[in-house]
Amino acid sequence: MAYRTQSDPLMGGSGRVRRLLDDARAFTKEKSTKSGAGAGGRPTLAQPSRPFTPREDVRGFYPTVSSLSRMKTPTGGLGITLTPLSAFEALQGTPPGSPCPKNMPCTPLAPCPPPHNPLGSPDEGGADNADPYWLQLQGLLPLLDASSSDDVLRDALDKVLRITQNIKVVEHAGGTLVVEKVDKRLRPAIGRLEKLQNQAESSVIKIKAAEIILMAAPGGLFYASQCHQLYKLSKEAANDVCFRGTGAARSLLAVISHPADVDMGARTLAAAALTHITEDKDICRSVAREDEGIAVLGQVLHRTIDNMVKSPANPEKNVNFLIQVTSCLRNLSEPAKHAKPFAEFGVVQSVMGILKHLGQYKDLVLNAARILAKLSLHHECRACIHASGDIEDVGDLKHILTALNTYHTLPAIVDRLCFTLGNLTHTAENNRVVVMQKLDALPVVVRLLETQMEADQQLADASTSPDTPTEAQENGLERRSSKQLSPMQAVEGALIRILRLIGNLSINREAGAALCAAPKVADALVSLVTHSSVADREELVMNAVACITNLSYYEIEDNSVIARHQEVMGALGLLVLHDHPDVVHESVKAFGNFSRTHGTRTWMIEKRIDEAMVILLDHSEVTVVTAVAGVLMNFSADPDHMQLFTQFGAMDKLLELFQDFNAQASHESLGTVDCILKIFCNLLDLEFFKDESRAAALHGRVQQLAANLSEALPAMPSLRGLADLTQSALQAIADQWPQLQSVDELEELLQPPGQA
């Protein structure tokens with residue numbers, strides 16, 4: 001039988017071609033010395049760029065839509081009961097002997113410990129023994145004056161803070177907190193601290209004073225004024241270092257998680273301040289790990305959404321509050337180590353509740369998208385969104401599609417939600433089936449692609465100057481800069497995620513058949529590969545080619561991509577010698593699909609694409625060489641195109657690759673040898689090796705391969721199928737060339753272990 005290649009789905013100018021081929025061999029040799037995919041921070045198909053996340057140039061209360069950053073949306077619901085934390089629980093943890101709140105750790109959240117024997121600490125006992133604390137506090141009040149040095153003020157404030165903590169935990173014999181008495185006696189200290197805030201110039205002094213007031217004050221105006229004070233200080237990124245050495249973040253968390261009787265304006269200001277300071281990596285880590293900030297904010301988010309669903313009247317204040325809470329969660333979702341608590345404490349489902357219940361609020365949806373986009377990089381968070389094993393259960397994937405359909409004109413949301421769906425459908429076949437079949441996502445996907453393509457064309461037509469350069473990639477994954485994306489870059493990012501989603505969905509046969517039959521999908525792909533500059537839009541073109549590879553895999557009558565194969569191949573012919581291995585690999589794989597027909601192979605020879613394929617046998621990437629061997633396999637099955645193997649040194653290169661295989665080679669190398677053996681089998685069927693010189697050259701290389709295979713078989717069971725194929729090839733050579741005497745010996749060497 002004739003072997004032909006069909007590239008597995010991934011995801012995962014003819015005249016110009018002739019001119020390129022003149023210098024192609026030297027170009028390929030030079031390229032072989034370059035590093036592989038991902039080098040220099042360039043995105044690859046395996047490690048794509050993530051949606052753009054800028055740092056704010058100016059911190060403010062309401063971020064602009066253009067500044068809102070990348071997202072990943074897992075699908076989950078609010079099907080989890082979260083126990084609200086009071087302000088004291090958020091600060092001090094679960095009281096000894098009381099049950100842990102559901103979904104919260106049983107380890108108490110320890111307050112800042114009092115010093116050993118602080119200022120002559122009194123004996124432990126009842127409320128009356130608290131008086132020494134008041135005496136110590138009264139002795140410190142005169143020091144709380146702006147005329148004191150910063151060192152004296154900091155030391156005094158630290159002592160006042162410890163005293164306040166001790167007073168707050170002193171109990172009556174009956175076990176109730178001495179709240180009322182504490183409030184009255186602390187009022188002079190609060191007044192002195194507020195005066196100090198107004199007079200002091202040091203941000204650290206102001207922050208420490210606010211921390212004490214928030215701990216000591218019962219709420220009301222004190223909460224509002226102090227949260228506003230901390231918010232103003234947090235707007236300056238230079239003050240982040242001042243926040244690090246204080247417990248202000250924990251105090252802000254306490255205000256945010258306070259029951260709803262606290263002024264919502266104060267809670268919103270506290271959330272905004274916490275959002276600003278958690279842009280600092282050290283504070284972010286401290287809030288997430290030491291203060292259990294992810295769990296606390298997740299419960300606040302769930303509780304607020306639940307209240308809004310039950311009482312939908314006048315939602316503005318709650319929406320503003322949630323914008324700040326989700327902005328803070330976005331910061332906390334950045335480090336990979338934080339993904340686990342997002343999943344464990346049900347925060348992923350709470351964030352999904354925004355798409356489910358509050359999808360009419362654009363800014364909230366965008367913030368949710370940013371969080372989910374980050375979290376969908378991690379398996380434990382994706383597991384919270386996946387559709388269940390029951391194919392009739394669509395989980396919360398429908399809420400993502402609903403949001404995409406609603407906001408299809410907003411690149412920022414499309415970018416992040418498609419990125420999330422792309423992650424969810426990357427390896428999960430069940431999600432592909434649910435999205436394309438149960439939720440009938442084809443019209444939504446086509447609409448997204450068409451809308452963003454139109455926006456891209458309009459921006460290109462209106463552009464009078466080159467687009468702003470793309471920022472450098474951090475770790476090959478994320479673009480970071482204080483600058484905002486230009487509108488064209490935002491649309492380009494959305495298109496990249498849409499194409500990646502299409503590529504992943506098309507791995508499913510039914511989904512792939514539906515997508516390749518959609519003319520608008522083919523129109524967009526052809527336009528992108530024929531009119532986009534790969535130098536300026538490398539990742540976009542790379543993903544477009546990957547989509548073409550996947551969709552051209554399906555040999556159906558109404559395949560719109562295959563119907564336009566000459567336009568596509570004309571563009572791909574210019575990409576096979578590109579310096580990005582993924583661009584080359586996907587282009588060659590697409591040629592592998594197109595070259596399954598006689599007419600296409602003839603066209604490739606006319607345009608000298610066959611010569612380019614032979615040149616690429618010298619490529620440094622094994623995956624590229626294997627894909628090239630797949631293309632040549634299709635030529636080897638066609639008697640009209642057998643002459644290719646007598647030109648351009650094709651046979652010599654194949655034999656060299658054949659001989660160089662060894663037992664230590666990777667499985668990618670194994671795939672290359674497998675393809676080459678199939679090429680030889682096809683050529684044998686066409687009696688290519690009846691020429692004695694060709695047979696003699698092949699015989700020597702086969703002997704070397706046989707020795708290598710015999711060494712590799714015990715350690716690599718996957719080689720046995722290849723060994724069987726080798727035996728068939730050798731026997732065929734023997735039949736065509738009687739002088740070959742070593743077939744029996746080679747078959748014995750290749751006999752799999754355990755078979756006589």
Side-chain angles (χ1 to χ4, degrees), residues 9 11 71-79 348-349 351-360 362 364-366 368-369 371-373 375-376 381-411 413-452 494-521 524 547 550-551 554 556 560:
M11 337 228 7
M71 83 160 257
K72 297 186 183 180
T73 14
T75 53
L78 291 176
V348 176
Q349 291 92 331
V351 174
M352 276 303 306
I354 294 173
L355 299 185
K356 183 176 182 180
H357 298 292
L358 305 176
Q360 69 271 36
K362 178 182 64 178
L364 269 182
V365 170
L366 184 50
I371 297 168
L372 294 168
L375 296 179
S376 66
C381 293
R382 290 196 300 271
C384 299
I385 309 167
H386 284 315
S388 69
D390 181 2
I391 202 64
E392 297 301 324
D393 179 11
V394 299
D396 285 312
L397 294 171
K398 62 182 178 182
H399 302 308
I400 299 179
L401 283 174
T402 299
L404 279 170
N405 196 38
T406 302
Y407 299 106
H408 66 280
T409 59
L410 296 182
I413 292 179
V414 172
D415 188 349
R416 289 151 181 85
L417 287 177
C418 285
F419 185 79
T420 301
L421 271 185
N423 290 339
L424 291 168
T425 56
H426 179 58
T427 57
E429 174 66 10
N430 192 54
N431 286 343
R432 299 181 196 123
V433 174
V434 167
V435 169
M436 288 299 292
Q437 297 181 32
K438 298 301 177 182
L439 296 175
D440 190 24
L442 180 61
V444 177
V445 173
V446 172
R447 186 184 190 190
L448 291 171
L449 184 59
E450 186 178 19
T451 301
Q452 297 305 316
L495 282 171
I496 289 171
R497 312 318 158 194
I498 295 169
L499 294 177
R500 181 169 173 263
L501 174 61
I502 291 174
N504 287 346
L505 290 173
S506 64
I507 296 174
N508 174 267
R509 181 168 292 276
E510 289 75 16
L515 287 163
C516 71
K520 291 182 178 179
V521 173
C547 280
N550 284 11
L551 297 179
Y554 298 102
I556 59 176
S560 300

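Predicted model, so just to flag it, every value in this text is computed and none were measured.
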### Query
Can Leu424 and Val435 be said to form a side chain to side chain contact (heavy atoms under 4.5 Å, CB included), step by step?
CA-CA 10 Å; Leu424 291 168; Val435 169; over 6 Å; no
Minimal heavy-atom distance between Tyr554 and Gly512, with the atoms involved, is CE1-CA, 3.5 Å
Value for CG (Leu355) from CG (Leu417), rounded to nearest 0.5 Å, stands at 6.5 Å
Could you walk me through whether Asn423 and Arg500 pass the side chain to side chain contact (heavy atoms under 4.5 Å, CB included) test, one step at a time?
CA-CA 9 Å; Asn423 290 339; Arg500 181 169 173 263; 2.6 Å; yes
With sequence neighbours left out, the residues meeting salt bridge (charged side-chain N to carboxylate O under 4.0 Å, His left out) with Glu510 are none
Contacts of Glu429 meeting side-chain hydrogen bond (donor to acceptor under 3.5 Å, both in side chains) (sequence neighbours excluded), chain-then-number -> Arg432, Asn508
Residue set satisfying side chain to side chain contact (heavy atoms under 4.5 Å, CB included) with Ala518, at least two apart, ordered chain then number -> Val446, Val521
Quick check: do Met436 and Leu442 have side-chain heavy atoms less than 4.5 Å from each other? yes
Nearest heavy-atom contact between Leu499 and Cys547 is O-SG, 2.9 Å
_If you define the side chain from C-beta out and look only at heavy atoms, does anything of Val414 sit under 4.5 Å from Leu410?_
no
Here the gap from Leu397 atom CG to Lys438 atom NZ, rounded to the nearest 0.5 Å, amounts to 13.5 Å
Tightest non-hydrogen contact, residues Val348 and Cys384, listed as CG1-CB, 3.7 Å
Side-chain contact, heavy-atom cut-off 4.5 Å: Val434 with Lys398? no
Residue set satisfying side chain to side chain contact (heavy atoms under 4.5 Å, CB included) with Ala524, at least two apart, ordered chain then number -> Leu449, Met453
For this session: Please tell me if the side chains of Val365 and Leu358 come closer than 4.5 Å, counting only heavy atoms from C-beta onward.
Result: no
So does Leu448 get a backbone contact from the side chain of Thr451, meaning a donor-acceptor N/O pair under 3.5 Å? no
CD1 (Ile400) and CG (Asn405) are apart, to the nearest 0.5 Å, by 13.5 Å
Interatomic distance, SG@Cys381 vs CD@Gln349, rounded to 0.5 Å, equals 9.0 Å
The reported gap from CG in Asp415 to CD1 in Ile498 (rounded to nearest 0.5 angstrom) is 8.5 Å
Scanning both residues in full, the closest heavy-atom pair of Cys418 with Leu404 reads SG-CD2, 3.9 Å
Residue set satisfying side-chain hydrogen bond (donor to acceptor under 3.5 Å, both in side chains) with Arg509, at least two apart, ordered chain then number -> none
Hits for side-chain hydrogen bond (donor to acceptor under 3.5 Å, both in side chains) against Asp440, two or more places apart or cross-chain, chain-then-number order -> none
CG of Leu401 to CG of Leu421, rounded to nearest 0.5 Å, is 5.5 Å
